[in-house]
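Counting starts at 1 for both ligands and their atoms, in listed order. Throughout, residue positions are numbered sequentially from 1 according to the sequence presented. If you're wondering where the values come from, they're calculated on a predicted model, not measured in any experiment.
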Amino acid sequence: MTPNRMRRRAVLGLPAAGLAGATLGQLGPLASRATAGAPAILKPLPAEAFIDYGTNAETRWESVDPHRYLTPQSRLFVRNHTRTPQVDAASYRLRVHGDGLDDAAGVTLSLADLQRRFRTVEVTSVHECTGNGRSFFDTQQGTKAAGTAWTLGAVGTVTWQGVRLRDVLRWAGLRPDAVSVQGVGLDDEYVDKGQNLGHVRRPFPIAKALDDALLAWGANGEPLLPDHGFPLRLVLPGWVGIASIKWLGELEVSTTELTSPWNTRWYNIGGPLGANPVRSAWELPWDATIPAGRTAVLTGRSWSGAAPIARVEVSTDGGTTWTAARLRPAPGPRAEGHGWTRWAHTWHAPEVGRHELLARATDLHGRTQPDVAAYNPNGYFFDAVVRHPVLVS
Ligand SMILES: Nc1nc2c(c(=O)[nH]1)N[C@H]1C(S)=C(S)[C@@H](COP(=O)(O)O)O[C@H]1N2
Ligand SMILES: [Mo]
């Protein structure tokens with residue numbers, strides 16, 4: 001029996017005999033398998049808000065509302081390895097198993113079990129793809145990297161509703177010698193250059209599981225949209241987006257280090273990637289036109305996967321002179337841990353012509369944005385100060 005068939009049986013909670021003669025495809029939690037030609041992303045992707053890459057979609061920074069701290073799900077970037085599955089919440093089950101539990105066979109939980117049995121928490125965190133900014137390896141540094149050519153819009157900030165992973169793991173009988181936890185998605189198996197690598201999955205250290213990892217069913221007070229992991233996803237605040245497995249079908253808890261292609265072949269630069277670096281973006285279109293002869297109030301945001309933002313410096317003359325941007329306080333203590341920071345800069349009497357706007361943030365751990373990002377073939381962690389072109393006319 002393939003792991004896939006085993007998993008389907010487990011989520012259904014049916015004994016092996018219950019499947020005899022049944023068609024698996026009609027029974028699983030995937031209410032409707034994607035048919036050929038079905039879109040990879042199900043939510044609308046209005047052109048003014050998104051750059052559509054097919055299986056991925058990037059938020060346009062000029063569409064971000066400066067008055068709104070959180071990113072609505074309808075405006076949040078999407079990164080799918082295959083396509084968004086439609087999972088039936090009523091028959092959905094999360095299976096937690098592995099030799100890191102007292103009983104390796106583990107437990108099976110419905111969404112209602114999770115919601116009733118454990119304390120609900122809310123956590124605000126930046127949600128960002130590891131490859132955010134990748135296109136600038138090419139356009140700003142002249143060293144093109146493989147992968148989706150994101151500009152800076154593979155990021156958002158969300159208040160998640162869910163339960164602490166640690167509460168669920170302890171309830172499930174977590175052993176003290178467990179070291180690794182791996183989430184497995186219910187989306188289609190991922191085929192890379194003809195090789196089937198199985199379901200999207202990525203292990204992470206038990207320390208993160210016991211710290212702030214979440215099992216989330218809500219975003220900004222609403223159920224997750226199908227594209228963002230309905231009915232349940234992992235959220236590892238501050239960490240690379242791939243760590244937050246969507247459509248979570250399975251959690252394996254292990255007393256030995258787990259690996260998957262998503263922490264060895266990808267999302268790895270001399271070691272599996274964890275916390276995201278520091279980045280900044282202006283809430284402007286690329287090549288924005290700014291009216292001459294007026295004072296312009298420019299806004300943007302900065303964020304870090306490791307700590308809150310301490311300061312942001314901006315330059316409107318291509319990096320010759322720098323001034324401190326005005327930071328706006330986060331809207332309440334909830335956002336202070338892993339949320340982003342909004343800022344503004346007043347540009348007095350900009351001169352007619354082409355200019356480059358730069359923003360450089362530093363977080364409370366002293367991590368700052370370099371002038372040049374370290375090249376790596378998959379184009380992860382572009383954290384250099386981006387040179388944003390504008391025309392004053
Ligand atoms: N099951 C599953 N989980 C996944 C992915 C995926 O393709 N399948 N993509 C990952 C990546 S690379 C990122 S950046 C985030 C994107 O989450 P979003 O689409 O909700 O913004 O989900 C992660 N979790
Ligand atoms: Mo990602």
Side-chain angles (χ1 to χ4, degrees), residues 4 7 29-30 34 40-43 45 50 52-59 70-87 92 94 125-134 145-150 152-158 160 182-192 197-204 213-220 222-251 260-263 265-268 272-274 276-277 279 305 378-382:
N4 184 41
R7 192 164 47 69
L30 305 181
I41 297 174
L42 300 177
K43 71 180 180 182
L45 299 173
F50 287 102
D52 186 350
Y53 300 105
T55 58
N56 304 329
E58 161 164 17
T59 307
L70 298 177
T71 310
Q73 284 193 88
S74 62
R75 294 300 179 96
L76 185 62
F77 82 97
V78 181
R79 162 62 170 126
N80 282 346
H81 281 74
T82 60
R83 58 181 63 243
T84 295
Q86 288 188 282
V87 181
Y92 169 81
L94 172 68
S125 66
V126 174
H127 176 57
E128 183 176 38
C129 185
T130 328
N132 198 22
R134 176 182 288 126
T148 298
W150 305 108
L152 278 172
V155 63
T157 288
V158 174
W160 308 100
Q182 170 152 267
V184 186
L186 289 167
D187 39 342
D188 285 344
E189 294 175 338
Y190 182 62
V191 179
D192 178 60
L197 298 170
H199 290 285
V200 175
R201 62 197 186 282
R202 190 176 199 254
F204 55 97
L214 293 177
L215 299 176
W217 58 75
N220 307 332
E222 283 162 11
L224 294 173
L225 287 182
D227 295 314
H228 296 298
F230 180 87
L232 192 79
R233 78 179 299 163
L234 263 172
V235 172
L236 269 58
W239 278 40
V240 289
I242 186 62
S244 296
I245 294 293
K246 303 193 274 190
W247 318 293
L248 186 69
E250 185 183 325
L251 279 170
S260 91
W262 288 271
N263 81 332
R265 191 192 301 189
W266 296 297
Y267 309 103
N268 183 311
L273 296 175
N276 268 320
R279 293 179 175 109
N378 286 317
Y380 302 131
F381 281 16
F382 188 94

Discussion item. Less than 4.5 Å apart, side chain to side chain, heavy atoms only: is that true for Ile245 and Val184?
Written reply: no
Worksheet item: Would you say Arg233 contacts ligand 1, with heavy atoms under 4.0 Å as the rule?
Response: yes
Worksheet, complete the sentence: The protein heavy atom nearest to atom 9 (N) of ligand 1 is Arg79 O, 3.3 Å
Worksheet, complete the sentence: On a heavy-atom basis, the closest approach of Pro203 and Ser260 is CD-OG, 3.8 Å
Worksheet item: Is there a donor-acceptor pair under 3.5 Å between the side chain of Gln73 and the backbone N or O of Pro223?
Response: yes
Worksheet item: Do the two ring centres, one from Trp150 and one from Tyr53, sit under 6.0 Å apart?
Response: yes
Worksheet entry | Within-4.5 Å side-chain heavy-atom neighbours: Thr84 and Asp187 | no
Worksheet, complete the sentence: ligand 1 atoms nearer than 4.0 angstrom to some heavy atom of Asn80 are 7 (O)
Fill in: Part of Tyr190 with heavy atoms under 4.0 Å of ligand 1, whether side chain, backbone, both or neither
neither
Item to complete: Check for a donor-acceptor pair, side chain of Asn56 on one end and backbone N or O of Asn80 on the other, with a separation under 3.5 Å.
Response: yes
Fill in: atom 17 (O) of ligand 1: nearest protein contact (heavy atom, Å)
His127 NE2, 3.0 Å
Item to complete: Output the list of atoms in ligand 1 that are nearer than 4.0 Å to some heavy atom of Cys129, sorted by atom number.
Response: 14 (S)
Worksheet item: Between atom CZ of Arg279 and atom CZ of Phe381, what is the distance when rounded to the nearest 0.5 Å?
Response: 7.0 Å
Worksheet item: Is the shortest heavy-atom distance from the side chain of Val240 to the side chain of Arg202 under 4.5 Å?
Response: yes
Worksheet item: Can you find a heavy atom in the side chain of Leu76 that is under 4.5 Å from one in the side chain of Lys43?
Response: yes
Worksheet item: Out of Lys246, His199, Arg83, Glu128, who gets a non-hydrogen atom closest to atom 19 (O) of ligand 1?
Response: Lys246
Discussion item. Which residue and atom name correspond to the protein heavy atom nearest atom 23 (C) of ligand 1, and how close is it?
Written reply: Gly241 O, 3.3 Å
Worksheet item: Going by the atom numbers of ligand 1, which of them fall below 4.0 Å from some non-hydrogen atom of Asp187?
Response: 1 (N), 2 (C), 6 (C), 7 (O), 8 (N)
Fill in: Side-chain donor or acceptor of Arg233 paired with backbone N/O of Gly185 under 3.5 Å
no
Worksheet item: Applying a strict 4.0 Å limit to heavy atoms, is Ser244 in contact with ligand 1?
Response: yes
Worksheet item: Just which atoms of ligand 1 are under 4.0 Å from any heavy atom in Trp247?
Response: 1 (N), 2 (C), 8 (N)
Discussion item. At less than 4.0 angstrom from any non-hydrogen atom of Ile245, what atoms of ligand 1 do you find?
Written reply: 1 (N), 3 (N), 24 (N)
Practice prompt. Pull out every atom of ligand 1 sitting under 4.0 Å from any heavy atom of Val78, numbered as shown with elements.
Written response: 19 (O)
Discussion item. Could you tell me, atom by atom, which parts of ligand 1 come under 4.0 Å of a heavy atom of Gly185?
Written reply: 1 (N)
Practice prompt. Could you tell me which atoms of ligand 1, counted from 1 in the order shown, lie closer than 4.0 angstrom to a heavy atom of Tyr267?
Written response: 12 (S)
